[in-house]
Novice: 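Got a structure for you, written out below as structure tokens; questions coming shortly.
Naming convention: chains lettered A, B, ... in sequence-line order (proteins, then strands); numbering from 1 in each chain.
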Protein chains: 2
Amino acid sequence: MTRRPNSGNPLGADAEGRPVRRALTREYIIRIALAMLDRDGVEGLSMRKLGAELGVNPMAFYHHLPNKSALFDGVVEAVFGEVTVGLDTLNREDSWREQLVALMCQFRTVLRQHPNVLLVLATRPSYAPSLMAFGDRTIGLLRDVGFTEHDLLIMISSLRSYTIGQLLVEVGQPVGGPTTAPDEAAALISHYPNLAKAVAGGYDPDAHYELTLQAMLDGFEQRLRRSKS
Amino acid sequence: MTRRPNSGNPLGADAEGRPVRRALTREYIIRIALAMLDRDGVEGLSMRKLGAELGVNPMAFYHHLPNKSALFDGVVEAVFGEVTVGLDTLNREDSWREQLVALMCQFRTVLRQHPNVLLVLATRPSYAPSLMAFGDRTIGLLRDVGFTEHDLLIMISSLRSYTIGQLLVEVGQPVGGPTTAPDEAAALISHYPNLAKAVAGGYDPDAHYELTLQAMLDGFEQRLRRSKS
DNA sequence: ACCTGAACACCGTTCAAGT
DNA sequence: ACCTGAACACCGTTCAAGT
């Protein structure tokens, strides 16, 4: 069940590998937990290992966080916090579509850097201020275009779902341990000619993402035009 | 960490609650594991509890499955197996869009019945024949419409990602234990006027899904028309 | 061949004790 | 207040033993 050999310096150490024993705070614990998640995956993060990593008794955490779930809540907040970075560099003179695509690509780029946290992000409801700010900003942008309140909610929810869903299949770690025996399984595809032919052409995740994003926006825009006429 | 109080009859029992001690087979183990996942969630499924449920020593499973990961592989296969049910009732005289919407809604309906398995489905690569058959069928349908091989792959991948992503936020169980304190957090939304206004209107998941599905198809269809002219 | 029991190296968390 | 150590009720899996 061990996934990676915990090699190298402990996460609570400086560049030269000297252990940095700093005062335990909620923020510090969460920061190291995120680093550990990135390195070892969800199933590789335990209170006990986190304690070892920080050179501290695992029970010490319970003075700063009620339980492990709260640790995950903190990690989600931390990752969404990275999303707002560069939000203000948006060029307000660009078209709404250019701005929206920039927003979503920024969202995707940040989440993509934390493949092992995707599952947690996708399923834990979060009221992280940075996420709310991001959503608020996006909705404001789209409302000015003329979408109804009803459609606005659907749009941002769908954009988010698609983005996360796509990332999950793209870089997500399998829940329940690594899959076995894709060897003869991959050959099975030849029994499905349509599928085999489509898969043969290869696959560029970034281009794929933006193409579908544009298609979704085309669809929503078409809906907007129809409602106006 | 206990999520639900394991009340009622064990899963390996008939309608009257009599324990059914049948011979252990891979299929039977997987069937009960799926039922247990549906009832108790991913974190509530353990080899030991599964053993207790079946009135058997947990180690007995290792004669039918190499490890717990393989159990998850089996469960994924079983759920995708349900997708093909009713695949042949499709009316081939319907338009391609009607057929595709029917296919995707069928896919979504089946997955929706196993909220706790969604995470596993989303992240474990699967070569389940039923899933391959489903994809093959879908691609065949769309190719006849005129889409390129390149676009075909993107379409089915995106449709799948969106469907699963949406279901995850809709009915998915939070990874890492239940979230706490949404009480004052929900009030926070008032600080984000655009968001608050959009959310106020309420939300119908089924309508939401089909609206976005239609928008995506509109977008892809538009792309098809542009490429032809 | 199929199932069992003991054992090993892990978990999260509680609780009493230290400073 | 913050951290520790022992303890409790769990995990997946190995391995030798039974039938």
Novice: Taking only side-chain nitrogens and oxygens of A/H64, does any of them come within less than 4.0 Å of OP1 or OP2 of D/dC3?
Specialist: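 Yes, such a contact exists.
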Novice: Both distances under 3.5 Å, Watson-Crick or G-U wobble: report the partner of C/dT14, or none.
Specialist: D/dA6
Novice: Can a donor-acceptor pair be found between the side chains of A/H114 and A/E82 at a distance below 3.5 Å?
Specialist: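 Side-chain D/A pair, A/H114 to A/E82: present.
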Novice: Of A/L45 and B/P58, whose closest DNA chain C nucleotide lies nearer the 5' terminus?
Specialist: B/P58
Novice: Rounded to whole angstrom units, what separation is found between the CG atom of A/L65 and the P atom of C/dT13?
Specialist: 11 Å
Novice: For the pair made of CZ in A/R48 and P in C/dC10, what is the distance, rounded to whole Å?
Specialist: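 Distance, rounded to whole Å: 10 Å.
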Novice: Categorize A/M47 for me: base, sugar-phosphate, or nothing, with a 4.0 angstrom heavy-atom threshold over every strand shown.
Specialist: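 Sugar-phosphate: the residue A/M47, judged by heavy atoms under 4.0 Å, touches backbone atoms but no base.
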Novice: Nearest to the side chain of B/Y62, heavy atoms from C-beta on, is which of D/dC3, D/dG12, C/dT4?
Specialist: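 Of the options given, the side chain of B/Y62 lies nearest D/dG12.
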Novice: Under a plain distance cut-off of 3.5 Å, with no hydrogens placed, do B/T25 and B/H64 share a side-chain donor-acceptor pair?
Specialist: no
Novice: Please tell me which of the listed nucleotides, D/dT4, C/dG12, C/dA6, lies nearest to the side chain of A/N57?
Specialist: D/dT4
Novice: Starting the side chain at C-beta, find the nucleotide from C/dC11, C/dT13, C/dC3 nearest to A/N67.
Specialist: C/dT13
Novice: Tell me whether B/S130 contacts the main-chain N or O of B/F80 through its side chain, where contact means a donor paired with an acceptor under 3.5 Å.
Specialist: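 Yes, B/S130 side chain to B/F80 backbone: donor-acceptor pair under 3.5 Å.
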Novice: Does a side-chain N-to-carboxylate-O contact under 4.0 Å join B/D40 and B/K49?
Specialist: no
Novice: B/D40 CG to D/dC10 P: how many Å, rounded?
Specialist: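 The distance from CG of B/D40 to P of D/dC10 comes to 14 Å, rounded to the nearest Å.
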Novice: Go through C/dG12, D/dG12, D/dT4 for me and flag the one nearest to the A/K68 side chain.
Specialist: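 Looking only at heavy atoms from C-beta outward on A/K68, the closest nucleotide is C/dG12.
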Novice: Taking only side-chain nitrogens and oxygens of B/K49, does any of them come within less than 4.0 Å of OP1 or OP2 of D/dC10?
Specialist: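 Negative; the distance criterion is not met.
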Novice: Checking contacts here: which listed nucleotide (D/dC3, D/dC11, C/dC2) is nearest the side-chain heavy atoms of B/H63?
Specialist: C/dC2
Novice: For A/E43 and C/dC11, what is the distance between atoms CD and P respectively, to the nearest whole Å?
Specialist: 12 Å
Novice: Measure the distance from CD1 on B/I29 to C1' on C/dC2 and round it to the nearest whole Å.
Specialist: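 Those two atoms, CD1 and C1', are 11 Å apart.
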Novice: Find the distance B/F61:CZ to D/dT13:P and express it as a whole number of Å.
Specialist: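 Rounding to the nearest Å, CZ of B/F61 and P of D/dT13 are 12 Å apart.
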Novice: If you only use heavy atoms from C-beta on, which nucleotide in D/dT4, C/dT4, D/dC11 is closest to the side chain of B/M59?
Specialist: C/dT4
Novice: Before you tell me yes or no, could you show the steps for A/Y209 and A/Y162 under ring-ring contact (aromatic ring centres under 6.0 Å, His included), namely the whole-Å CA-CA distance, both residues' side-chain angles and the distance that decides it to 0.1 Å?
Specialist: CA-CA 9 Å; A/Y209 177 73; A/Y162 165 62; 5.5 Å; yes
